[in-house]
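Everything numeric in this text was worked out from a predicted model, so none of it was measured. Numbering of residues begins at 1 and proceeds along the displayed sequence.
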Amino acid sequence: MTATRRLTEAEWHIVEETAAAHRPPAPHPPEGARERVNRRWQEVLQETRVAQTGVQILFGFLLSLAFTVRFRELGGFDRGLYVVTVVLAASSTAALIAPVSLHRCLSGLRLKEELVTAAGRLMVCGMVLLALTVACTLMLILNVVLGGALAAGIVVGGVMLWFALCWYVTPYRLRRKALSRIRDGGGAG
């Protein structure tokens, strides 16, 4: 597998401009800079809504675990893992809700482009924290169910590889392929 790198904002502008140049003429005028940033902001909000729902449900489940009868039976490792998991869930929740707070605090200051960039970065951070939360939650549950950290760790490792493939490897491979096709003059089609 080849190493991938994240494209800079300037490279993405090149990708978008080149792709637009290779598209057939649209029946309506091309999207202006203001429309583009508004569309990108709407996309961030939609993505945030999906991620927030998942992390909030998981966080609520984790918070309720401490108040169950069986929780008292957990050993030191499991209790420590629980604390790490709850902290990761809280951190993920903060990162995934932050775009809403940013928008509210910066509204009217004409910083939407900066807001979209910052929100995108917070979303990536929140998704990484969410994946780690899921990993720790699985480890906690499977360690109890399977009766050992080794078996649980193997299953969790497999699930985290799947997360990495779905959430990061596939999108970055597609991104690299699109950029390569555009640089070779083949268009974005």
Side-chain angles (χ1 to χ4, degrees), residues 1-9 12 40-106 114-176:
M1 179 157 60
T2 59
T4 60
R5 70 174 180 83
R6 198 161 177 212
L7 295 179
T8 65
E9 192 71 24
W12 268 110
R40 289 178 61 209
W41 175 245
Q42 291 303 315
E43 290 170 354
V44 166
L45 286 180
Q46 279 303 107
E47 294 163 358
T48 300
R49 286 182 189 112
V50 171
Q52 281 176 354
T53 302
V55 74
Q56 289 171 341
I57 291 169
L58 180 57
F59 191 34
F61 163 73
L62 289 169
L63 291 175
S64 69
L65 283 181
F67 300 100
T68 64
V69 175
R70 181 102 192 245
F71 185 81
R72 294 184 196 111
E73 299 172 16
L74 294 179
F77 173 79
D78 290 326
R79 285 179 182 258
L81 184 58
Y82 174 77
V83 169
V84 168
T85 306
V86 168
V87 169
L88 284 169
S91 300
S92 179
T93 301
L96 293 171
I97 293 175
V100 175
S101 177
L102 281 173
H103 181 259
R104 186 53 28 225
C105 292
L106 301 176
E114 293 86 350
L115 177 64
V116 169
T117 300
R121 290 180 179 148
L122 284 163
M123 287 291 296
V124 170
C125 177
M127 296 300 288
V128 169
L129 290 168
L130 178 57
L132 292 172
T133 303
V134 170
C136 288
T137 303
L138 282 172
M139 186 68 184
L140 181 64
I141 292 169
L142 294 176
N143 189 39
V144 171
V145 171
L146 298 176
L150 179 61
I154 291 169
V155 173
V156 170
V159 171
M160 287 301 98
L161 282 173
W162 179 244
F163 267 67
L165 179 67
C166 293
W167 285 11
Y168 300 104
V169 175
T170 299
Y172 284 115
R173 286 190 68 212
L174 291 171
R175 175 186 272 191
R176 191 177 65 222

S.K.: How many angstroms lie between atom CG of Leu115 and atom CZ of Arg40, to the nearest 0.5 angstrom?
M.R.: 10.5 Å

S.K.: For Ala89, is there any backbone N or O sitting under 3.5 Å from a side-chain donor or acceptor partner on Thr133?
M.R.: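 Here the side-chain-to-backbone pair exists.
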
S.K.: Give me each pair satisfying side chain to side chain donor-acceptor pair (under 3.5 Å) with a member in residues 140-159, each pair once, sequence neighbours excluded.
M.R.: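 Passing the test, one end in residues 140-159: Asp78-Asn143.
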
S.K.: Suppose we screen for side chain to side chain donor-acceptor pair (under 3.5 Å). Which residues come up paired with Arg79, at least two apart in sequence or across chains?
M.R.: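 In terms of side chain to side chain donor-acceptor pair (under 3.5 Å), with neighbours along the sequence ignored, Arg79 is linked to no residue.
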
S.K.: Taking the inter-plane angle between the rings of Trp41 and His103 on a 0 to 90° scale, is it parallel (under 30°), tilted (30 to 60°) or perpendicular (over 60°)?
M.R.: parallel

S.K.: Return the set of residues passing ring pair (Phe, Tyr, Trp, His ring centres under 6.0 Å) with Phe163 (not counting sequence neighbours), or none when no residue passes.
M.R.: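 Scan of Phe163 (ring pair (Phe, Tyr, Trp, His ring centres under 6.0 Å), adjacent residues dropped) gives Trp167.
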
S.K.: Can Gln46 and Arg49 be counted as having a side-chain donor-acceptor contact under 3.5 angstrom?
M.R.: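 Distance-only check passes for Gln46 and Arg49.
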
S.K.: Report the distance from atom CZ of Arg176 to atom CG of Leu174, rounding to the nearest 0.5 Å.
M.R.: 10.0 Å

S.K.: Donor-acceptor pair, Thr85 side chain versus Leu81 backbone, under 3.5 Å?
M.R.: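 Here the side-chain-to-backbone pair exists.
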
S.K.: Identify, with sequence neighbours excluded, every residue that meets side chain to side chain donor-acceptor pair (under 3.5 Å) alongside Glu43.
M.R.: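 Checked Glu43 against side chain to side chain donor-acceptor pair (under 3.5 Å); matches are Arg39.
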
S.K.: Please list all pairs meeting salt bridge (Lys or Arg N to Asp or Glu O under 4.0 Å) that have one or both residues in residues 53-77, counting only residues at least two apart or in different chains.
M.R.: Arg70-Glu73

S.K.: Give every residue pair that meets the side chain to side chain donor-acceptor pair (under 3.5 Å) criterion with at least one member in residues 145-163, sequence neighbours excluded.
M.R.: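 Those involving residues 145-163 do not exist here.
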
S.K.: Quick one: are Leu58 and Val55 in side-chain contact, heavy atoms under 4.5 Å?
M.R.: no

S.K.: For the pair Gln56 (side chain) and Thr93 (backbone), establish whether a donor and an acceptor sit closer than 3.5 Å, ignoring hydrogens and angles.
M.R.: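 Judged by distance alone, no pair lies under 3.5 Å.
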
